Q: 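My questions all concern the structure below.
Order of listing sets the numbers, starting from 1, for every ligand and every atom in it. Because the structure is predicted, anything quoted here is derived from the model rather than measured. Here, residue 1 is the first one in the sequence, and each next residue gets the next number.
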Amino acid sequence: MPSYTVTVATGSQWFAGTDDYIYLSLVGSAGCSEKHLLDKPFYNDFERGAVDSYDVTVDEELGDIQLVKIEKRKYWLHDDWYLKYITLKTPCGDYIEFPCYRWITGEGEIVLRDGRAKLACDDQIHILKQHRRKELETRQKQYRWMEWNPGFPLSIDAKYHKDLPRDIQFDSEKGVDFVLNYSKAMENLFINRFMHMFQSSWSDFADFEKIFVKISNTISERVMKHWQEDLMFGYQFLNGCNPVMIQRCTKLPEKFPVTTEMVECSLERNLTLEQEIEQGNIFIVDFELLDGIDANKTDPCTLQFLAAPICLLYKNLANKIVPIAIQLNQVPGDENPIFLPSDAKYDWLLAKIWVRSSDFHVHQTITHLLRTHLVSEVFGIAMYRQLPAVHPIFKLLVAHVRFTIAINTKAREQLICEYGLFDKANATGGGGHVQMVQRAMQDLTYTSLCFPEAIKARGMDSTEDIPYYFYRDDGLLVWEAINTFTAEVVGIYYKSDQVVAEDQELQDFVKDVYVYGMRGKKTSGFPKSIKTREKLSEYLTVVIFTASAQHAAVNFGQYDWCSWIPNAPPTMRAPPPTTKGVVTIEQIVDTLPDRGRSCWHLGAVWALSQFQDNELFLGMYPEEHFIEKPVKEAMARFRKNLAAIVSVIAERNKNKKLPYYYLSPDRIPNSVAI
Ligand SMILES: [Fe+2]
């Protein structure tokens, strides 16, 4: 009688093992086996991290094995099980791998196909076609779209993390509890001693240092020492944690009537402002999005304020970017003066602080939340709904959406919801952040997620004209590496453009993103379908780059750039000044966040800047969804390219007082998970 050796690998994360009964049946081209209990006498099967082998003898020849069915039945209490993979040694000595990497919960069962990636057109056998279809039917019942707020990209239909399908939950919910993590952070930073003085102002800038002492971090300390300098202010628009706002100014907007006379003492080339603009030396940052957004009113004892500044910057003779004019609101007028470096010290300082605070709001809500977290979730939900596990694009993307739906669900549960943590210290809390996302949906275009095009659209692409833009330089390298990799994977599975165009599952995935993620907005420029291999690899590059590099660039610098409160105030407790010459240091300190809000903010940016334990960085694919050699070779080349980028960046950063490392691939996690 034919005999198979079945090897079963259990996950090594917490609670991955099971004591339940596990049954296996084999489905072959010539017949199906009986159900076999996998059980070794006097042995504890399927322990966490175990790789167990069993001999399974069948009554008759089964032919080519097409499916492996695993069933879990209760032993005592239901005991969830994480199955990594199964391998089968056939009677003729062949090995077949069946990747799984899924949880089996309750009285569950799972039917696996071997690890070769297949498009729907590759499957001619009825049973395999049916398996694909059923898998998607089940997934579409589990992964449903939901509108969390009008106009938002749709998100997952689950109120709480615990309601999510087990496969996309965090291993331990404790690890992502924001309330717990922020509180822990404040405890670790020894700052909860300030909480009883919640609404009191700090006495001066030096007083802010009190919540700073226990941490030694090169960049944040440097920010603390140099935050008042124009050079440091300008540098952050290029290489801080929100490096996406600055644009080359080709024409001064009418709403911002800066004249040559005003900025003359900042200009170093003996040219007029118009001539400087023509020569490409003037840059602009406009926070128009914040105009009219409601400030946080959740604490009746503390008034909070927002502004919508416009800032003009200049590339000086040393090729450094410095601010030369700031207007704090959008409509020009007597009560909305244009602040200049030549103004009184504290006038200019407070104007810069308003810009930093506005930058913090746009960073947190748009650059970070909307344009990485929510966008990645859309790709994740569409992937689970439309691509079966055997599809090569599922195998490629699954590592890049890991824990994304979970972290966003948790954020909606505790952080950005009504009465959530976000309201505690942020001027855009209490609903302002929702209005901001709704507005920013207008600009959420497909091309704005294509990194090289986004840089070009802001006129920031010339390395010669604009040196020291490390975000751009490193981002382009990483984009290129990802694009080369996705093009190789696409080339392996799609032999022609026609195969792309005819892959209905892929087209449904792309359409789901467009219809539900982008709300069917034509102006988003998101494709409704994809016709060529080139377009497909670009699309996949957008998905992977957004989830990995872009998120890393805007997430992991939060502590570095935002922990020194005056450099990134999460709220302002007095309105923007309307005249010049009246600002005092006391007024600035009374405007900046109070002690309690400072502590919440510091706990938040610290917690959000941490990597996870056992973080998986770009190019690491420990889950072997792909088993074929050409893809594994492409992955190896991808990792080699990434390693070369790590060296280039390390070399560039050598001896730099302000190294830029957020886009070094060894610091870019594969997915949005924090
Ligand atoms: Fe994040």
Q: For the pair F526 and L449, evaluate side-chain contact (heavy atoms from CB on, under 4.5 Å) and give the outcome as yes or no after the intermediate values.
A: CA-CA 10 Å; F526 267 73; L449 298 178; 3.6 Å; yes
Q: Using 2.8 Å as the threshold, say whether any N, O or S atom from V554 sits that close to the Fe ion (ligand 1).
A: no
Q: With a cut-off of 2.8 Å, does T372 put an N/O/S atom close enough to the Fe ion (ligand 1)?
A: no
Q: If the plane angle is over 60° it's perpendicular, under 30° parallel, otherwise tilted; pick one for Y101 and H625.
A: tilted
Q: In degrees, rounded to 10 degrees, what angle do H551 atom NE2 and H368 atom NE2 make at the Fe ion (ligand 1)?
A: 100°
Q: Looking at G432, is its backbone amide N or carbonyl O close enough to the side chain of N296 to form a donor-acceptor pair, meaning the two atoms are under 3.5 Å apart?
A: no
Q: More than 12 foreign heavy atoms under 6.0 Å from OH of Y235: is that the case here?
A: yes
